[in-house]
Novice: 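Take a look at this one; I'll ask things after.
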Amino acid sequence: MITLTLPDGSTREVAKGTTSLQVAQSISEGLARNVLSAEVNGEVIDATRPIEADATLKLLTWNDDSGKSTLWHSSAHLMAEALEAHYPGIKLAIGPPIENGFYYDVDFGDVEFSQADFAKVEKTMLELARQKSEYIRKEVSKADAIHFFREKGDQYKLELIDGLEDGQITFYSQGNFTDLCRGPHIPNTGFIKAAKLLNVAGAYWRGDEKNKMLTRVYAITFPKQSELEDYLKLLEEARKRDHRKLGKELGLFAFSQKVGSGLPLWLPKGTDLRMRLTAFLTDAQKKMGYLQVITPHIGSKELYETSGHWEKYGKDSFQPISTPQEGEMYMLKPMNCPHHCEIFKTEPRSYRDLPLRLAEFGTVYRYEQTGELHGLTRVRGFTQDDAHIFCTVDQVKEEVGKVIDLVLYIFKTLDFPDFLAQVSLRDPGNPSKYIGSDANWEAAERGIQEVATEKGLKTVVEYGEAAFYGPKLDFMVRDAIGRRWQLGTVQVDYNLPERFELEYTGADNQKHRPVMIHRAPFGSMERFVAILIEHCAGQFPLWLTPEQVKILPVSEKYNDYAQSVAKSLISYDIRALVDERNEKVGKKIRDAELEKVPYMLIVGEEEQGAGTVSARKKGEGDIGSLAIADFANKVNEEIKAMLSAQ
RNA sequence: GCCGUUGUAGCUCAGGGGUAGAGCACUUCCUUGGUAAGGAAGAGGUCACGGGUUCAAUUCCCGUCAACGGCUCCA
């Protein structure tokens, strides 16, 4: 007998060689029907594999990420089987699970595979799934593995096997299909109840552009048909929220081929929104002791030689600007830090001056690859909500903590309740990769982790993800429909203070090198606005939205009264406009709803006579008639409640 | 940068070797209205750009640019 410890701490005595699936069956048939794989001593394995010794056991279902991955991994094999049925002779490369579904890289030879072919493959997958073919694991010798794929004529698998050690090679088979695979897999194909091919795209074999381009087929499967339907609805919802679409519809920003790709043009409404965000953050930063600075959009090439960026990024950047003066060169600034370092150096600094927090909404230019540009999330000219905190090593922890406070305040006010912090530390196996003393690194790494815990952040630690110049902390938010985005970032930097020879006089009257902390809660205004648009589906919070109130006269006879209402609201700091068009009120309401204006005020004979407005809330409808001042106060109360979030 | 797809009116899109069409938006007129689309008329296009084939190209071919879906990249 062996002892298995379950996640709740309870134990079960079972015969040696019992499978996880059998354990599930002993708990309940229902559970057994849902078990996709199992985590045994922390390793995810087939639920059908015998357990030979005492172990901790977690049964994995669709509710576990690892369970999902197992189903999708098995589905990749199923899709490969279906593809082979339709296209005999295709060569298969790799087929892993991904965050949402899975893909298989396939060499279709001369055959064209396109969206039109998806349906038949899906149909075959489901037919095969219904056969409930078991996934059978088999350990094979390297020689046998090579023999198998040589027979099959699949050079990609042979190349993969080449990199594997004899004795560690396993095959998995289901139905008539056998694949080289480490596993794990679900017990049988019957668990797959719904399948959808999503997309095809080119991808290089092993991600190397010197290699052959394969066809990557993206797909997703589910253990229930209804889950697929929910997922398709989510995709549809994501399409509706796409900031590129909403940005155009709501008149926020645009691009012009003539201006240049990746260079956004902020339209009046988008500018209004952005400036309001800027003011919001400026105000919060002022309260936290930041000093606002402004630096030029260009800097001499020498500045970037000092910073080291010329050497590293120079040839992939917008090229230097030359001047009538022979040999003089300037660069569009790709970041603000070097300028801020020079501000630090404008006067001798004492430890009493630290921390010095220099903030700037700094516009920078980076020559991103053409294929990378994407709406507002990846552009060539953008404005960082940047700041650099110059402090002593001892102050790092406290300063990082203050940045966390600022970010939490922003998330709260802008309604991002679901987020986590990723702490990126050194790769312990490769200490020579990093600049700065061990002692400093250790203090900062420990400080960041401690303060993240103290602030109650949900944290994940990634080793080896730190930049060469210092550890960092990034915030990952989940938006309203569950997608993850990387937002604010905090980075400790030992490198630039060194390169710019920054120093301050300590209490000991000796020169010391400050530490620099880069931080940008939004990342960039462009990217943040994009995420915000998708998060709130274009329905911005009342305090932020460009047009808060639209006044809709019932007929042109009341346009004058409507204008006087608008004027009155503006005196209350409310952004109001009149729809003076010669249209019926139903039409004006419809248009205001589509423009996502939070409040509509209908005015006609009755309101004009009484000096009132008939209010209507977007999405809710008529909320009754009230005096202008009462309405204005109501709106301002609502805004005050939003901004006082702490 | 690489692979694939696309580029027709402000927007969404149809069409197709003989120089263009719909709906919405826009302008004007009729209507002067009460909580998600009133009616009529009008205006609007070098069919992305450059080259080629052709009697003739928006349509076919090549190239460029851009957008989109991926890959690689991201100070």
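We use all heavy atoms of the structure for the numbers below, so side chains are in, but hydrogens, waters and symmetry mates are not. Just so we're on the same page: letters track the sequence lines, and every chain starts at 1.
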Novice: May I ask you to test the A/Trp441-A/Val492 pair for a side-chain heavy-atom distance under 4.5 Å?
Specialist: no
Novice: Roughly how many Å apart are B/G44 and B/C61, using the C1' atom of each and rounding to a whole number?
Specialist: 32 Å
Novice: Cation-pi check for A/Trp485 against A/Arg478: NZ or CZ below 6.0 Å from the six-membered ring centre and within 45 degrees of the axis, yes or no?
Specialist: no
Novice: What's the CD-P distance between A/Gln608 and B/G34, to the nearest Å?
Specialist: 16 Å
Novice: Give me the distance, rounded to whole Å, that separates B/U32 from B/G38 when you measure between the P atoms they each carry.
Specialist: 15 Å
Novice: In whole Å, what separates the C1' atom of B/U54 from that of B/G18?
Specialist: 12 Å
Novice: Between the main-chain N or O of A/Val529 and the side-chain N or O of A/Arg274, is there a donor-acceptor pair closer than 3.5 Å?
Specialist: no
Novice: Using a 4.0 Å heavy-atom cut-off across all strands, classify A/Asp622 as base, sugar-phosphate, or nothing.
Specialist: base
Novice: Test A/Ile602 against A/Val613 for side-chain contact (heavy atoms from CB on, under 4.5 Å), laying out the working first.
Specialist: CA-CA 6 Å; A/Ile602 290 135; A/Val613 294; over 6 Å; no
Novice: Rounding to an integer number of Å, can you tell me how far A/Leu332 CG sits from B/A75 C1'?
Specialist: 15 Å
Novice: Is there a side-chain contact (heavy atoms from CB on, under 4.5 Å) between A/Met79 and A/Leu83 once you walk through the steps?
Specialist: CA-CA 6 Å; A/Met79 181 170 79; A/Leu83 286 170; 4.0 Å; yes
Novice: Rounded to whole angstroms, how far apart are CG on A/Asp579 and P on B/A25?
Specialist: 12 Å
Novice: If you find the nucleotide of RNA chain B closest to A/Cys337 and the one closest to A/Phe255, which residue's nucleotide is nearer the 5' end?
Specialist: A/Phe255
Novice: For a quick check of understanding: with a heavy-atom distance under 4.0 Å over all strands, which category does A/Gly371 fall into, base, sugar-phosphate or nothing?
Specialist: base
Novice: As a test of reading the structure: which of B/A37, B/A67, B/G69 is closest to the side chain of A/Arg590, going by heavy atoms?
Specialist: B/A37
Novice: How is A/Tyr218 classified with respect to the nucleic acid when contacts are heavy atoms under 4.0 Å: base, sugar-phosphate, or nothing?
Specialist: sugar-phosphate
Novice: Whole Å only: how far is the CG atom of A/Leu198 from the P atom of B/U5?
Specialist: 20 Å
Novice: Can you check the distance between B/U6 and B/U59, where both ends of the measurement are the C1' atom (answer in whole Å)?
Specialist: 16 Å
Novice: Do the charged groups of A/Lys618 and A/Glu593 touch, with an N to O distance under 4.0 Å?
Specialist: yes
Novice: Taking only the side-chain heavy atoms of A/Lys587 (C-beta and beyond), determine which of B/G34, B/C24, B/A75 contains the nearest atom.
Specialist: B/C24
Novice: Considering only B/A75, B/A36, B/G69, which nucleotide approaches the side chain of A/Arg366 most closely?
Specialist: B/A75
Novice: Fit a plane to each ring of A/Trp205 and A/Tyr156, take the angle between them on a 0 to 90° scale, and name the class: parallel (under 30°), tilted (30 to 60°) or perpendicular (over 60°).
Specialist: perpendicular
Novice: Which letter, B, S or -, goes with each nucleotide of nucleotides 27-32 of chain B from 5' to 3', with contact meaning a protein heavy atom under 4.0 Å?
Specialist: ---BBB
Novice: Quick check: does any side chain N or O of A/Lys472 sit under 3.5 Å from a backbone N or O of A/His518, one acting as donor and the other as acceptor?
Specialist: no
Novice: Record whether the side chain of A/Glu607 comes under 3.5 Å of the base of B/G34 through a donor-acceptor pair of N or O atoms.
Specialist: yes
Novice: Looking only at atom C1', what distance separates B/U46 and B/G42, rounded to whole Å?
Specialist: 23 Å
Novice: Assess whether one donor atom and one acceptor atom, taken from the side chain of A/Arg244 and the base of B/C68, lie less than 3.5 Å apart.
Specialist: no
Novice: Side chain of A/Lys248 only, heavy atoms from C-beta on: which candidate in B/C71, B/A75, B/C11 is closest?
Specialist: B/C11
Novice: Assuming nearest nucleotide by heavy-atom distance, tell me which of A/Pro334 and A/Gly260 is located more 5' along RNA chain B.
Specialist: A/Gly260
Novice: Can a salt bridge be assigned to the pair A/Arg581 and A/Asp591 using a cut-off of 4.0 Å between side-chain N and carboxylate O?
Specialist: yes
Novice: Among A/Ile294, A/Asn336, A/Asp386, A/Thr278, find the one that has a side-chain contact (heavy atoms from CB on, under 4.5 Å) with A/Phe361.
Specialist: A/Thr278
Novice: B/G34 P sits how many Å from A/Arg616 CZ, rounded?
Specialist: 15 Å
Novice: Please work out if A/Glu249 contacts a base, only the sugar-phosphate, or nothing of the nucleic acid, heavy-atom cut-off 4.0 Å.
Specialist: nothing
Novice: Do the numbers put A/Arg426 on top of the ring of A/Tyr463, so that NZ or CZ is under 6.0 Å from the six-membered ring centre and no more than 45° off the axis?
Specialist: no
Novice: Is A/His374 near enough to B/G69 that one of its side-chain N or O atoms lies under 4.0 angstrom from OP1 or OP2?
Specialist: yes
Novice: Please give the distance between the P atoms of B/G7 and B/A14 as a whole number of Å.
Specialist: 8 Å
Novice: Rounded to the nearest Å, what distance is computed from the CD atom of residue A/Glu583 to the P atom of nucleotide B/G33?
Specialist: 15 Å
Novice: Could you work out which one of B/G69, B/G34, B/A66 sits closest to the side chain of A/Gln257?
Specialist: B/A66
Novice: If I pick the C1' atom on B/G17 and the same atom on B/C73, what distance separates them, to the nearest angstrom?
Specialist: 44 Å
Novice: Students often get this wrong, so: under 4.0 angstrom with heavy atoms, is A/Thr370 touching a base, only sugar-phosphate, or nothing?
Specialist: base
Novice: Say we look at B/A40 and B/A25: how far apart would their P atoms be, to the nearest angstrom?
Specialist: 13 Å
Novice: For the pair made of CG in A/Leu373 and P in B/C73, what is the distance, rounded to whole Å?
Specialist: 17 Å
Novice: Check the angle between the aromatic planes of A/His374 and A/His243 and answer parallel, tilted or perpendicular using the 30° and 60° thresholds.
Specialist: tilted
Novice: Let's see if you can work this out: which of B/A36, B/G69, B/A67 has an atom nearest to the side-chain heavy atoms of A/Leu594?
Specialist: B/A36
Novice: B/U12 C1' sits how many Å from A/Asp242 CG, rounded?
Specialist: 15 Å
Novice: For RNA chain B, report each stem as range with range, ordered by first number, or say none. Use Watson-Crick or G-U wobble pairs under 3.5 Å, at least 3 in a row.
Specialist: B:1-7 with B:65-71, B:10-13 with B:21-24, B:26-30 with B:38-42, B:48-52 with B:60-64
